[in-house]
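Letters A, B, ... are given to chains in the order of the sequence lines, protein chains preceding strands, and every chain is numbered from 1. Excluded from the calculations below are hydrogen atoms, water molecules and symmetry mates; all remaining heavy atoms, backbone and side chain alike, are included.
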There are 2 protein chains.
Amino acid sequence: MSKIKETSTNFANKQALANECLEVYSTNIIGGQWSLPICYALLSGKLRFGEIKKVLPNITERMLTLQLKKLEKNNVLTRKIYAEVPPRVEYELTTIGYELKPIIKELENWAIKHKKIV
Amino acid sequence: MSKIKETSTNFANKQALANECLEVYSTNIIGGQWSLPICYALLSGKLRFGEIKKVLPNITERMLTLQLKKLEKNNVLTRKIYAEVPPRVEYELTTIGYELKPIIKELENWAIKHKKIV
DNA sequence: TACGGTACTAACAAAAATGTAAGTAATGTC
DNA sequence: GACATTACTTACATTTTTGTTAGTACCGTA
């Protein structure tokens, strides 16, 4: 989410591909390095910022923030802020967010099969 | 496939994630910008280098080469060279390559659902 | 008044992915 | 001998993604 250059070839290619290939439309949304792990963690219910961090100990706060923002912008999850001090923010998958489950399932299945042959 | 730095934090993170999250194991393999479109094209049967290029008019020869190499290295497809001039090279999905189909299917399903809500 | 806790933000740096432009080999055809 | 064809390779440039480090605001508690 460092701002992207909307005049670049890469940007144009991504757009064009997403229009023609539905798979790419999806991977453009859930394709970041940490997106799927975050969604996976949230599949079992809403979590606070710090709780997600605990589940993914290697993620930096910056990356977590960026990916959460992107996912929120794409309606994959919602952000709920409580007016407390210290702050409390809860992240929860939307309906369509929960529907990532079959994708994750198939990715897992494939990984298992693939590991067998390597 | 510009050579990656095996001492980088990013490299370590990818490894660790792939070990803990099967989804990431898979996306590390099929995650490039052009990987899924290439595999999609090959789902209907083997194709020559130039034929893939026709299906994906915006891909550069460099990217196509790189992604094909990566996919081959990961046993997703095979490369068959014919000793002819001009050269002829055919790419074909392996068994596990063909098994990407359900993943692609679910990604497509999700894209359709997602488009409805946006 | 200093400190802890939470969820961030900002400036900068490094790495990774992608794109651009040009060139190569081999051989058959004109 | 020049040219076309095919599947690449190479050197370099740009863009995108990810990582590093150091902050910030708020308020209750010691």
**Q.** Length of the NZ-P vector between Lys5(A) and dT20(C), whole Å
**A.** 13 Å
Q.
Classify Tyr82(B) by what it touches in the nucleic acid, base, sugar-phosphate, or nothing, heavy-atom distance under 4.0 Å.
A. nothing
Q: Any chance you could measure Ile103(B), atom CD1, to Ser26(A), atom OG, to the nearest 0.5 Å?
A: 12.5 Å
**Q.** Residue Thr60(A), side-chain heavy atoms: nucleotide from dC8(C), dT20(D), dT18(D) that is nearest
**A.** dT20(D)
Q. Across the strands shown, which category fits Thr65(B) at heavy-atom distances under 4.0 angstrom: base, sugar-phosphate, nothing?
A. base
**Q.** Which residue lies more 5' along DNA chain D, comparing Thr9(B) with Tyr91(B) via nearest heavy atoms
**A.** Tyr91(B)
(Q) If I take atom CH2 in residue Trp34(B) and atom P in nucleotide dA16(C), what distance separates them, rounded to the nearest angstrom? (A) 22 Å
Q: State plainly whether one hydrophobic cluster holds both Leu43(B) and Val24(A), where clusters connect Ile, Leu, Val, Met, Phe, Trp and Tyr through side-chain heavy atoms under 4.5 angstrom apart.
A: yes
Q | Donor-acceptor pair under 3.5 Å, Arg62(A) side chain vs dT18(D) base | A | yes
(Q) Using heavy-atom distances to pick each residue's nearest nucleotide on DNA chain C, tell me which of Asn13(A) and Thr7(B) is more 5'. (A) Thr7(B)
Q. Where the side chain of His114(B) meets the backbone of Asn74(A), is there a donor-acceptor pair that is under 3.5 Å apart?
A. yes
Q: Please figure out whether Met63(A) or Phe49(B) has its closest DNA chain D nucleotide nearer the 5' end.
A: Phe49(B)
(Q) Taking atom types as they are modelled, would you say the side chain of Arg48(B) forms a donor-acceptor pair with the base of dT6(D) within the 3.5 Å cutoff? (A) no
Q: Would you mind reading off the distance between Ile81(A) atom CD1 and dC8(C) atom P, rounded to a whole angstrom?
A: 7 Å
Q.
Using whole Å, what does the distance between atom C1' of nucleotide dT16(D) and atom NZ of Lys70(A) come to?
A. 11 Å
**Q.** Distance, rounded to the nearest Å, where Ile52(A) contributes CD1 and dA7(C) contributes P
**A.** 9 Å
Q. Can you find a heavy atom in the side chain of Val55(A) that is under 4.5 Å from one in the side chain of Tyr40(A)?
A. no
Q.
Counting only side-chain heavy atoms from C-beta out, which of dA7(C), dA16(C), dT16(D) sits nearest to Ser8(B)?
A. dA16(C)
Q | Under 3.5 Å donor-acceptor, Trp110(B) side chain and Ile96(A) backbone | A | yes
Q.
Any heavy-atom pair between the side chains of Leu47(A) and Lys54(A) that's under 4.5 Å?
A. no
Q) dT18(C) phosphate, OP1 or OP2: any side-chain N/O from Gln67(B) under 4.0 angstrom? A) yes
Q. Among the nucleotides dT18(D), dC27(D), dC8(C), which one has an atom lying closest to any side-chain atom of Val85(A)?
A. dC27(D)
Q | Closest nucleotide among dA7(D), dC8(C), dT18(D) to the Glu61(A) side chain | A | dC8(C)
Q. What's the NZ-P distance between Lys14(A) and dT18(C), to the nearest Å?
A. 7 Å
Q | Length of the line joining Gln15(B):CD and dA16(C):P, which is rounded to integer Å | A | 11 Å
Q: Whole angstrom is fine here: how far is it from CZ in Phe11(B) over to C1' in dA14(C)?
A: 16 Å
Q. Gln33(B) near the nucleic acid: base, sugar-phosphate alone, or nothing, with a heavy-atom cut-off under 4.0 Å?
A. sugar-phosphate
Q) With sugar-phosphate meaning primed atoms plus P, OP1 and OP2, does Lys53(B) contact a base, only sugar-phosphate, or nothing at under 4.0 Å between heavy atoms? A) nothing
